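Presented below is the structure to which this report refers.
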Amino acid sequence: MTSRRDFLKTSAGVSVGAAVGMGSPRSLAGAPAVLRSRITPVAIASGNGMEAVATAFQAVSAGDDTLDAAVKGVNIVERDPNDRSVGYGGRPNLDGVVQLDSSVMHGPSRGAGAVACLEGIKTPSRVAVDVMRYTDHVLLVGKGAQRFAVSMGHKVEDLLTDATRRQWIEWRARMSATDDYLTREEAGTGADPFEDGEDEGLGMLDSHDGVRPQGTINCNVINQDGDLSGVTTTSGLAWKIPGRVGDSPIVGAGLYVDNDVGACGSTGRGEAVIKTCGSHSVVELMRSGMSPVDACLEALRRVVTFTAEARLRDGQGRPNYNVNYYAVNKDGEYGGAAIWSGARFAVCTGGESRREDSAYLFERGS
Ligand code: ASP
């Protein structure tokens, strides 16, 4: 008699490889697990997630749960003081305080958890997991989120580094010519307010677009049985108004996972993603049969349509900001897309992780 395990083993050889990358046939969403063949696990993340996807892939290949694997991956970036967009070392808000946002979704159990405006905890994704697992709630914010984190054993630490404090001090001084804060030039000495010898210049006050720096990590993982999970974690928009919440901790905006269909997460201008229910839209478009890349592009067209404010449009009426989506479907097909060309995402399907080009709506410089 053929056991279920033998059946899966036999069918694995047929489908592995075919199920990876673009263009393989989709199976019916929600088909019973026994009819599914095994697929090659995939970990996909934003471009800053090279180590994260390698770690997540290894973990899921060793049998870890997909959410544990994804969170293990992003924890590396959350703890890295040199990534200025996530966790420890993330850029602070207008008051010089680092406020973090994160959400997680666990496909098999249909679980979701999130925290917003969380201060002092290096790994907000782990607090989001605790919200999902150990409370009857989905989203905790601010002081309440911190109190909950402490009650679960998380340590409160100073998340500002000298480098991010330096940037914030200079940004504060540049805000207005009529207040009493002096920029380095106005101070006359060009002096660095710190003496640790690690001044790396102030280039990061603006991104290459001339807009305020942003950044986030999203990571989505599928295992060989087709189970999916995702996590998004960020320090959000630099110098934001205290209390501002971006898309990252909003289920359906910065992250969405439906274990029958796929997973998606976002980085970029959170306000635009929230207004269009971005990641949920991508998953719904995949449900209707679109490939991950096509679904991401279609959701980005909605972002463009929703960009009604003249201040957010360039001379040709296109958004003057970027949004990125990263998606994987139930068959392990994956892809990323952005409004503007030049974006890349990190992915691991075995061996070394790699960066791939995101699809896009508009060519930079066009
Ligand atoms: N999406 C994040 C936010 O709006 C920032 C980013 O990804 O750049 O908070």
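Each ligand, and each atom within it, is numbered from 1 in the order the structure gives. All values below come from the heavy atoms of this structure, side chains included, with hydrogens, waters and symmetry mates left out. A quick note: this is a predicted structure, and the numbers were derived from the prediction, not measured. The first residue in the sequence is number 1, and the count goes up from there.
Checked by distance only, ligand 1 and Gly268 come closer than 3.5 Å through their nitrogen or oxygen atoms. The N/O atoms of Asp247, backbone and side chain alike, include one that comes under 3.5 Å of an N/O atom in ligand 1. Checked by distance only, ligand 1 and Thr234 stay at 3.5 Å or farther apart across all their nitrogen or oxygen atoms.
Heavy atoms of Leu237 found under 4.0 angstrom from ligand 1 belong exclusively to the backbone. No part of Gln99 comes within 4.0 Å of ligand 1, judged by heavy-atom distances.
Ring centroids of Phe362 and Trp340 are separated by less than 6.0 Å, placing the two rings close together.
One finds a salt bridge joining Arg133 and Asp68 here, because a Lys/Arg side-chain nitrogen approaches an Asp/Glu carboxylate oxygen to under 4.0 Å.
Those atoms of ligand 1 with a heavy atom of Gly236 less than 4.0 angstrom away are 9 (O). For ligand 1, the atoms sitting less than 4.0 Å from at least one non-hydrogen atom of Thr267 are 7 (O), numbered in the order shown with element in parentheses.
Scored by the side chain to side chain contact (heavy atoms under 4.5 Å, CB included) test, Asp136 finds no partners at all (sequence neighbours excluded). With sequence neighbours left out, Ser366 forms a side chain to side chain contact (heavy atoms under 4.5 Å, CB included) with Arg318, Glu363.
Looking at Thr234 and Ile217, their side chains never come closer than 4.5 Å, going by heavy atoms from C-beta outward.
With hydrogens and angles disregarded, a donor-acceptor distance shorter than 3.5 Å links the side chain of Asp101 to the backbone of Gly246.
Residue contacts with ligand 1 include Arg244, since one of its heavy atoms falls under 4.0 Å from the ligand.
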